[in-house]
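This report refers to the structure that appears directly beneath it.
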There are 2 protein chains.
Amino acid sequence: MFSASARTQYAIRAMTNLARRPNRTATAAELARTESIPAKYLEGIMARLKVTGLVESERGKNGGYRMATDPANISMLQIVEAIEGRIKPVGCLEHEYTCAIVDGCHPRSFWLGLKNTIDTYLSEKSLKEVSEG
Amino acid sequence: MFSASARTQYAIRAMTNLARRPNRTATAAELARTESIPAKYLEGIMARLKVTGLVESERGKNGGYRMATDPANISMLQIVEAIEGRIKPVGCLEHEYTCAIVDGCHPRSFWLGLKNTIDTYLSEKSLKEVSEG
DNA sequence: TAATAATCCTACTATTCCGATAGGAATAGA
DNA sequence: TCTATTCCTATCGGAATAGTAGGATTATTA
Ligand code: FES
Ligand code: FES
């Protein structure tokens, strides 16, 4: 429970690495090598980071990825949500507004409080901080 | 990511229900019915809650489960850990002290901070609060 | 224009985990 | 002895995860 998937850990390692290369592009293969991530697997992760606008890419020779914006303006929550975008139906924690047994469910506010606590932590941490940590 | 397993949600619902029955025992079947939990599945959950000392049990006719201690003295962290006791090897978040690439891993303190944030929230919430929520 | 190096795309596999069920053994009360 | 309960072990199907394979597209460069 509350464990980060390998995919999310990889995404964060790749982003922190990229954030330390201002304005420079790095290939997926290079990021994979320096962060010990399976190269082919990372390709799919970078794709997700791109569609959410966190990174930009250049195809062809000398291509690669670069930050789309200042790491100081990217929150860790944005990265996590870029990767774990899918919403799983696990009751209290997921369905914020509607739920089958909402009326008789005492723990509901507990779950919402937990979700809020996590979201707050993640949204207050910038990629810049983490990449320098 | 950060989603609570059904097992954990069931455990918490069962515990909050039990906490509202001071000194009384309830059978697993009864808890299952009033909380819409698969009966046989709940049996296994109650077993885990027992070995960690959160509930006591009585076998045989008129048996059942009862709180082992005052709900005000049980933290939600205790319940969560009773269920999710197994430690999965997912790097930064799990291995608190030893990790393969600890030296070069910038996100490490980020992960530890997140874990600490969650643990703090859970340990400061008592079962009593949640069962009344 | 041909070779090369990169992103991008689609599909597949293998394994693990999860939620749930089945069937019964041990135990205690009536 | 009957019944109601906890307790134990085994199994199953489905979903998600981590990772691989193979190539199509695109841009640079010689
Ligand atoms: S099960 Fe829906 S709010 Fe708790
Ligand atoms: S991978 Fe181990 S501390 Fe980050």
Side-chain angles (χ1 to χ4, degrees), chain A residues 1-14 18 24-33 35-66 68 80 83-91 93-94, chain B residues 1-14 18 24-33 35-66 68 80 83-91 93-94:
Chain A
M1 191 195 200
F2 308 136
S3 65
S5 64
R7 186 142 53 198
T8 298
Q9 294 183 63
Y10 289 162
I12 289 175
R13 292 227 296 277
L18 204 55
R24 284 192 48 230
T25 69
T27 68
E30 190 176 351
L31 291 173
R33 185 164 30 78
E35 290 290 344
S36 303
I37 302 170
K40 268 299 194 182
Y41 195 49
L42 181 58
E43 283 187 17
I45 294 171
M46 296 312 292
R48 299 196 194 199
L49 294 172
K50 189 191 174 181
V51 298
T52 53
L54 294 177
V55 303
E56 292 169 348
S57 68
E58 215 78 42
R59 296 176 72 160
K61 200 161 182 179
N62 297 336
Y65 297 92
R66 104 176 60 81
V80 167
I83 300 302
E84 315 272 335
R86 178 183 36 81
I87 292 182
K88 281 187 295 191
V90 283
L93 199 49
E94 309 293 337
Chain B
M1 192 196 199
F2 308 135
S3 64
S5 64
R7 187 141 52 197
T8 298
Q9 293 183 62
Y10 290 161
I12 289 175
R13 291 227 296 277
L18 203 56
R24 286 191 47 229
T25 69
T27 68
E30 191 176 351
L31 292 173
R33 186 165 28 78
E35 292 289 344
S36 303
I37 301 170
K40 267 298 192 181
Y41 195 49
L42 182 58
E43 284 187 18
I45 294 171
M46 297 311 292
R48 300 194 195 199
L49 293 171
K50 189 192 174 182
V51 298
T52 53
L54 294 177
V55 302
E56 291 169 348
S57 68
E58 215 77 42
R59 296 175 72 159
K61 200 161 184 178
N62 298 337
Y65 295 92
R66 103 176 62 80
V80 167
I83 301 301
E84 315 272 338
R86 178 182 37 82
I87 292 180
K88 280 187 297 189
V90 283
L93 200 48
E94 311 293 336

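We name chains A, B, ... by the order of the sequence lines, and we start the count at 1 in each one.
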>> Using a strict heavy-atom distance below 4.0 Å, which residues from residues 41-49 of chain A are in contact with DNA chain D?
In response: Tyr41(A)
>> With nearest nucleotide decided by heavy atoms, which residue, Tyr10(B) or Ser57(A), maps closer to the 5′ end of DNA chain C?
In response: Ser57(A)
> Can Lys40(A) and Glu43(A) be counted as an ion pair, charged N to O under 4.0 angstrom?
Replying inline: yes
Quick one: pull up [atom1] in [X] and [atom2] in [Y] and give me the separation to the nearest 0.5 Å.
X        : Y        : atom1 : atom2 : result
Thr8(A)  : Arg48(A) : OG1   : CZ    : 8.5 Å
Ile37(A) : Arg7(A)  : CD1   : CZ    : 12.5 Å
Thr25(A) : Tyr65(A) : OG1   : OH    : 11.0 Å

> Got a sec, which residues hit salt bridge (Lys or Arg N to Asp or Glu O under 4.0 Å) with Arg24(A), two or more places apart in sequence or on another chain?
Replying inline: none
> What do you reckon, is CD of Glu58(B) surrounded by more than 12 foreign heavy atoms closer than 6.0 Å?
Replying inline: no
Minimal non-hydrogen separation, [X] against [Y], with atom names:
X        : Y        : value
Ile45(B) : Ala11(B) : CG2-CB, 3.7 Å
Ala26(A) : Leu18(A) : CB-CD1, 3.9 Å
Gln9(B)  : Ala4(B)  : NE2-O, 3.3 Å

>> Counting only side-chain heavy atoms from C-beta out, which of dT20(D), dT7(C), dT6(D) sits nearest to Thr27(B)?
In response: dT6(D)
> Of the nucleotides dT6(D), dG19(C), dC8(C), which one has an atom closest to the side chain of Lys50(A)?
Replying inline: dC8(C)
Find every protein N or O atom lying less than 3.5 Å from an N or O atom of nucleotides 28-30 of chain C, and list the pairs.
from: dG29(C); atom 1: O3'; to: Asn62(B); atom 2: ND2; distance (Å): 3.4

Taking [atom1] from [X] and [atom2] from [N], how many angstroms apart are they, rounded to a whole number?
X        : N       : atom1 : atom2 : result
Gln9(B)  : dG19(C) : CD    : C1'   : 12 Å
Arg7(B)  : dA15(D) : CZ    : C1'   : 15 Å
Tyr65(B) : dA4(D)  : OH    : P     : 17 Å
Glu30(A) : dA5(C)  : CD    : C1'   : 13 Å

> Checking only heavy atoms, does the side chain of Lys40(B) share a donor-acceptor pair with the base of dG19(C) at less than 3.5 Å?
Replying inline: no
> Contact class for Ala28(B) vs. all strands (heavy atom < 4.0 Å): base, sugar-phosphate, or nothing?
Replying inline: sugar-phosphate
